[in-house]
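Right, one structure below, let's go through it.
Atoms within a ligand are numbered from 1 in the order they appear, just like the ligands themselves. Everything numeric here is computed off the predicted structure, so don't read it as measured data.
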Amino acid sequence: MQAKLLQGKELSQKIQEEIAIKVQELKAKGGRAPHLAAVLVGNDGASETYVSHKVKACERVGFKSTLLRYSDTISEGELLAVVDELNENDDIDGFIVQLPLPKHIDMAKVIEQISPKKDVDGFHPINFGRMAANMPAYVPATPDGIIEILKRYKIETRGTHVVVVGRSQIVGTPVSILLSRAAYPGDATVTLCHRHTKDLADYTRQADILVVATGIPGMIKGDMVKKGVVVIDVGITRVADTSKQSGFTLKGDVDFDEVAPKASYITPVPGGVGPMTIASLLKNTYLASQKAIYRN
Ligand code: NAD
């Protein structure tokens, strides 16, 4: 058996085309384009890249975007005031504060200050709670991207055993909640594993669907999965590679060469889960512009 690839890159493009058509329809009816604002503090290289991808994606689908840059010397109070202004600005449908923030700023405080109605990253505890309660909510981009992959590839989740490895607030924990909800994709029996799980392979071998988000390249080996498993590899780690011009290669948390021959479906790295996050952020911004989650 050789696994079928779950092509997140192609799927993300398709979703972005679908959103672009909706925006054209909106504008044709005299509506205004959805507007996303992004707040970038400091000049961390990776954050710069992520934000510029998000801004470019907005342009591609016809959204308006505003990038607000601040020096890493901005005080917590000043940043909270920026968030307040964005909360009040009726021209902006949704906004994100790119993480990480400098150490002197309390990230949780900033996230809590964002109006849940404009929290298109889905990090506010109210959106997290609404998601867990199976109510309309902005779902964080990476878990939402995973759900979208399962849905679009029509992968059965009801009654399956899903094993999630990694329990971060932005990936593992929300994925475990989403897949155990009474919904599709969902209705699964979910086991959530983490760094203190003993005998990890005993769990991963039971998985019908295995979601891995640890940031440890190649940790899932061929003998840790059963035949026919569906594998969602969230990890993206830069590993030194002198044969590449960039000096590195991107590795997932799954040993692809060992696991793919046993799997029925698998996400490649890169080109799997990663590109889906942009599509999900755009989707959330579109929903915000239509007041689809919160009515007023
Ligand atoms: P994190 O560092 O916040 O958490 C890692 C998790 O792995 C923890 O819950 C920890 O308990 C668990 N873990 C660590 N060692 C383990 C072990 N030996 N056995 C079992 N569990 C173990 O991670 P994160 O932010 O969720 O990111 C995980 C990976 O996903 C990273 O490579 C990151 O770059 C990637 N990521 C990708 C996207 C994307 O594709 N857009 C988004 C977010 C994260």
Modelled atom types, side-chain donor and acceptor of T214 and D253, under 3.5 Å:
yes
Shortest heavy-atom approach to atom 22 (C) of ligand 1 - which of R238, R195, K251, M219
R195
Where do R152 and E18 land on the salt bridge (Lys or Arg N to Asp or Glu O under 4.0 Å) test, with the steps shown first?
CA-CA 13 Å; R152 301 262 179 154; E18 291 167 6; 2.9 Å; yes
If you have a sec, work out which protein heavy atom is nearest atom 37 (C) of ligand 1 and how many Å separate them, to one decimal?
V234 O, 3.3 Å
What do you reckon, does I236 have a nitrogen or oxygen under 3.5 Å from a nitrogen or oxygen of ligand 1?
yes
From the candidates P174, G166, S280, A141, the one that places a heavy atom nearest atom 12 (C) of ligand 1
G166
Return yes when at least one protein heavy atom is under 4.0 Å from atom 24 (P) of ligand 1, and no when none is.
yes
Out of R167, H196, H194, indicate the one that has the non-hydrogen atom closest to atom 8 (C) of ligand 1.
R167
Is the closest basic N to carboxylate O distance between D223 and R205 below 4.0 Å?
no
Return the residue, atom name and 0.1 Å-rounded distance of the protein heavy atom closest to atom 42 (C) of ligand 1.
T142 OG1, 3.2 Å
Distance alone, cut at 3.5 Å: any donor-acceptor contact between the side chains of N43 and E48?
no
Answer with yes or no whether M276 contacts ligand 1, where contact means a heavy atom under 4.0 Å from a ligand atom.
no
Using distance alone, determine whether D253 and ligand 1 share an N or O pair under 3.5 Å.
no
Table please: side-chain donor-acceptor pairs of residues 50-59 below 3.5 Å, with sequence neighbours left out.
residue, atom, partner, partner atom, Å
S52, OG, T49, O, 3.2
K54, NZ, Q98, OE1, 2.9

Can you name the atoms of ligand 1, numbered from 1 with element, that are less than 4.0 Å from a heavy atom of I216?
15 (N), 16 (C), 18 (N)
May I ask you to decide whether K14 forms a salt bridge with E10, counting only side-chain N to carboxylate O separations under 4.0 Å?
no
Please confirm whether A213 comes under 4.0 Å of ligand 1, counting heavy atoms of the residue only.
yes
Give a yes-or-no answer on whether the side chains of S280 and D144 include a donor-acceptor pair shorter than 3.5 Å.
yes
Does a side-chain heavy-atom distance below 4.5 Å link E17 with I15?
no
Any idea which atoms of ligand 1 are less than 4.0 Å away from a heavy-atom of V165?
20 (C), 21 (N)
To atom 2 (O) of ligand 1, the nearest of V269, T214, T267 on a heavy-atom basis is T214
Taking a cutoff of less than 4.0 Å between a non-hydrogen atom of the residue and any ligand atom, is T197 in contact with ligand 1?
no
Considering only NZ, NE, NH1 and NH2 on the basic side and carboxylate oxygens on the acidic side, decide whether R32 and D93 come within less than 4.0 Å.
yes
Count the heavy atoms belonging to other residues, nucleotides or ligands that lie under 6.0 Å from NZ of K283, then report whether that count exceeds 12.
yes
Less than 4.0 Å between a side-chain N and a carboxylate O, is that true for D208 and K226?
yes
Of all protein heavy atoms, the one nearest atom 41 (N) of ligand 1 is T277 CG2, 3.1 Å
With atom 4 (O) of ligand 1 as the reference point, say which of A46, S168, P217 has the nearest heavy atom.
S168
Could you check atom 43 (C) of ligand 1 against the protein and tell me its nearest heavy-atom contact, residue, atom and distance included?
V171 CG2, 3.7 Å
Taking atom types as modelled, is there a side-chain donor on S289 or H35 under 3.5 Å from an acceptor on the other?
no
Write out the residue and atom name of the closest protein heavy atom to atom 40 (O) of ligand 1, then the distance separating them to 0.1 Å.
G274 CA, 3.3 Å
G215: numbered ligand 1 atoms lying under 4.0 Å from its heavy atoms:
28 (C), 29 (C), 31 (C), 32 (O)
